[in-house]
Every structure is written in C-alpha cells, then in structure tokens.
Novice: 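Submitted below is the structure of interest, expressed as structure tokens.
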There are 2 protein chains.
Amino acid sequence: MFVSTNYIYLCGVLNKRMKMQVLTLNNTGRMLHEVYRVFKKLSEGQQHMETYITPEQFGLLHAISTKAEEVIQKDMADMMGKDKSAILRLIDSLEEKELVKRVADSKDRRKNYLMVTKLGYKVIDQYVKIAEDMMMVIQEGLSQDDIDTFQRVVSHITAKAKEM
Amino acid sequence: MFVSTNYIYLCGVLNKRMKMQVLTLNNTGRMLHEVYRVFKKLSEGQQHMETYITPEQFGLLHAISTKAEEVIQKDMADMMGKDKSAILRLIDSLEEKELVKRVADSKDRRKNYLMVTKLGYKVIDQYVKIAEDMMMVIQEGLSQDDIDTFQRVVSHITAKAKEM
DNA sequence: ATAATTAGTTGATACAAACAACTATTTTGT
DNA sequence: ACAAAATAGTTGTTTGTATCAACTAATTAT
C-alpha cells in the first residue's frame, strides 16, 4: 500500500518556530495519517470485502458517486486538483475492477461520462460503513461546539488558501 | 512534483452519509491539499533557494532538526510511521544534497546518528520562512479560541486513532 | 474554412511507499 | 562463554500515483 505523508511534515512544520500564538497545522497531517492507518486496518479486517481498492481509487469513486450531475474525466481532474492523465489512470483501474463505466456522450463525442456501477456503489457502501463506525469512536469526548468550530476553521483555511 | 492525495478523499468521505451531526474530516484533506499547493507555489516563486527539496525530504529534514537528542534512522522511521527503508532512501537523498550527515556511533556500530548540516539548517529556514508568512495570511479572521479548539480537536482525534 | 480549444490518451520520468531478504552488530539467556 | 534473538541498516523488487509533453479526435470560434 502506497501512503504518502507529503502533507504531514510539510504542514506539520508550519509554526513550529512562530514566536507568537498562531494557528498550527502542526499535527493535522499526522492526524490524517493515524486516522488513515486505523481505516486501513479496519478495512483489512473485513474478510468479505467485494473488492479491495486503494484510498486514491476510493476517493475518486466516491467523489464521482456524490456528484449530482453527470461528470466527465475533466471535471474530476479539476475537482481533485490533479492532472487529467492521473485521473485517466485511476479511472482505468476502477473500470478494470468494474466499479465505474465510461459512457460516451452521444452529442459531444470527445466526452465520456463516468457512471458508478452497482458493484461500485456496493464497494463504496462497504468503505463508508467502516469509516462511519470508526468516526463514531473517534469523536467520543468532543462536544458539538468543538466539532462545529473544527469544521469552520477547516473551511476558513481552505477558503483562504484557495484565493492565494 | 509528486503529490499524493490519499488522505483527501479517504478522510473526505468520512461522514458524508452520516445521519446525525457528527465530526467530519470531510474537508481536512482538501484543506491540506490547498495549503500545500500555496506553499509549493510560494516556494517556486523564490529564485534564490539554496536547494530544492521535496515535501517528504523537507518533512524529514525538519523533523530531524527539531529533535532535542541525537536521532538514528530507526527513530525517524518510528516517529514518521514509515518503513525504515523509506527513511533510509530519504536520508540518502538528503545526504546527497549535503543537508544531513550520517555519523557513526562509536559505541554501537550499528547506529548512524543523523546530523543536520549548516546548509541543511539554511534550507529549513528558507522553507519555514515561507510557511510562516503563508500561515500569517491564512489565519487572518480566526480568533484565538478558534485556533485553540482546532488544535485540541486535532490532538483528540490523533490520540483516539492511536489507540485503535 | 481555418484556427483554436477541448477531452481524452499515451509515453516517459520521478518519487515514495511496502515488503522481504540480507549483513553486521549488539544484547539476551542459559 | 556461547548460541540465539534482537536491532540497525541496506538492498532489491514491486506497486501506486504524480507530472509533463506530445499526440489524436472532436468541437467551437473567427
């Protein structure tokens, strides 16, 4: 399993040397790393998994499934901030596992709509179930206020970064 | 530049389907992705960089530099949750750029202490400076309370995940 | 009608992860 | 004291995923 921790120490270092009390993304990458580790462990404990997919594959598959409108590869590349060829290869791998299908647009023959198959939804559900159970345990001890603030700060940082 | 977004959608999906109001790591990976993008852009804008290093290299280099005691490769592998061979190869790359040195322990000849060179510290400072400036902008509009809560939630999640 | 743009594809290259097998050294247990 | 176990590091192999550049085919704009 390939796991990059790019973000972990990149973001982890922000502010280590700050003189004043400021926002620290110090442990955020490490947090995701730990959560990912647990998620992976729980996933592997499941014997009856339909299909094993990597986090990248899962992320893309899930992202496709949650879009209200039809999406094409280009949309997913934009959405996920990756090169179109990266998306293409992820789609290839998902199609090989029969989790998505490329369906040609009859009007614009350059486009392939991405459709999640029945099996695709099944696999998503399996992974989502694991994630839900895990998060239930993880959030024990946090108040609703904590959670709300956390989400708000995340949105704030994301928005600020996006305009930079 | 290699950028993995493993965590982004893995964690991004946690809770999308939750029925009740719960902790959502929904956008956390995306947040780090955006922050990383800005960081990279700012880094590339710097003409007078001593040496370009990847985020992984930077993370390891910085982590070594902040340890109070001498560290060996094994320590860094444990600390960063990676296989020792992954660390070894990152150290190789850092040593090639003359940012760290392996120094043999005279007592236990199995061990190599990792020492950050002068150039190593110089490179760290350059990257840290960029990160600091960026975070100053990003945190505008957040209260101290927001920041504290954010950090506390991150610690909570990390701790909970670690014991799972 | 030609030019520019768009969507997708392919090939080349790079980075970094895991795992397994190995060496050399040190520590442990009897 | 010596054999066995543990430890630190190394190397080779495989896998996954990213970028970039060059390309085709189809569509849109001038």
Novice: Please find the pair of heavy atoms, one from A/Gln57 and one from A/Ser93, that lie closest to each other, and give the distance.
Specialist: NE2-OG, 3.1 Å

Novice: Let me know the distance between NZ of B/Lys74 and P of C/dA24, rounded to the nearest Å.
Specialist: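 It is 21 Å, rounded to the nearest whole Å.
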
Novice: A/Asp105 has an atom CG; how far is it from atom C1' of C/dA7, in whole Å?
Specialist: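 That distance rounds to 11 Å.
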
Novice: What is the separation between atom CG on B/Asn112 and atom P on C/dT25, rounded to the nearest whole Å?
Specialist: 12 Å

Novice: What is the distance from NZ of A/Lys111 to C1' of C/dT5, rounded to the nearest Å?
Specialist: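 Those two atoms, NZ and C1', are 13 Å apart.
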
Novice: Working note: B/Glu56 + B/Arg89, criterion salt bridge (charged side-chain N to carboxylate O under 4.0 Å, His left out); need CA distance, chi angles, decisive distance, verdict.
Specialist: CA-CA 11 Å; B/Glu56 302 293 351; B/Arg89 276 153 183 149; over 6 Å; no

Novice: Can you find a side chain N or O atom of A/Lys84 that sits less than 4.0 Å from OP1 or OP2 on C/dG8?
Specialist: no

Novice: Once you round it to whole Å, what is the distance between C1' of C/dA7 and OH of A/Tyr113?
Specialist: 12 Å

Novice: Is a donor from one side chain sitting under 3.5 angstrom from an acceptor on the other, for A/Lys111 and A/Gln73?
Specialist: no

Novice: Looking only at side chains, do B/Ser143 and B/Asp145 share a donor and an acceptor under 3.5 Å apart?
Specialist: no

Novice: What is the distance, to the nearest angstrom, from the NZ atom on A/Lys107 to the P atom on D/dA25?
Specialist: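 Atom NZ in A/Lys107 sits about 25 Å away from atom P in D/dA25.
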
Novice: Please evaluate the base of D/dT19 for a donor-acceptor partner in the side chain of A/Arg89 within a cut-off of under 3.5 Å?
Specialist: yes

Novice: What about B/Ser93, does its side chain sit under 3.5 Å from the base of C/dC15 through a donor-acceptor pair?
Specialist: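 Side chain to base: no pair below 3.5 Å.
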
Novice: Measure from CG on B/Leu60 to C1' on C/dA17 and round the result to the nearest Å.
Specialist: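 Taking atom C1' of C/dA17 as the reference, CG of B/Leu60 is at 14 Å.
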
Novice: Taking only N and O in the side chain of A/Gln73, is any of them less than 4.0 Å away from OP1 or OP2 of C/dT9?
Specialist: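 Answer yes for this pair, as a side-chain N or O of A/Gln73 is under 4.0 Å from OP1 or OP2.
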
Novice: What's the CD1-P distance between B/Ile72 and C/dT26, to the nearest Å?
Specialist: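 In whole Å, C/dT26 P and B/Ile72 CD1 are 13 Å from each other.
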
Novice: Heavy atoms from C-beta onward define the side chain here; which of D/dG16, C/dA17, C/dT10 lies closest to that of A/Thr54?
Specialist: D/dG16

Novice: Between the side-chain atoms of B/Arg109 and the base atoms of C/dT25, is any donor-acceptor pair under 3.5 Å?
Specialist: no

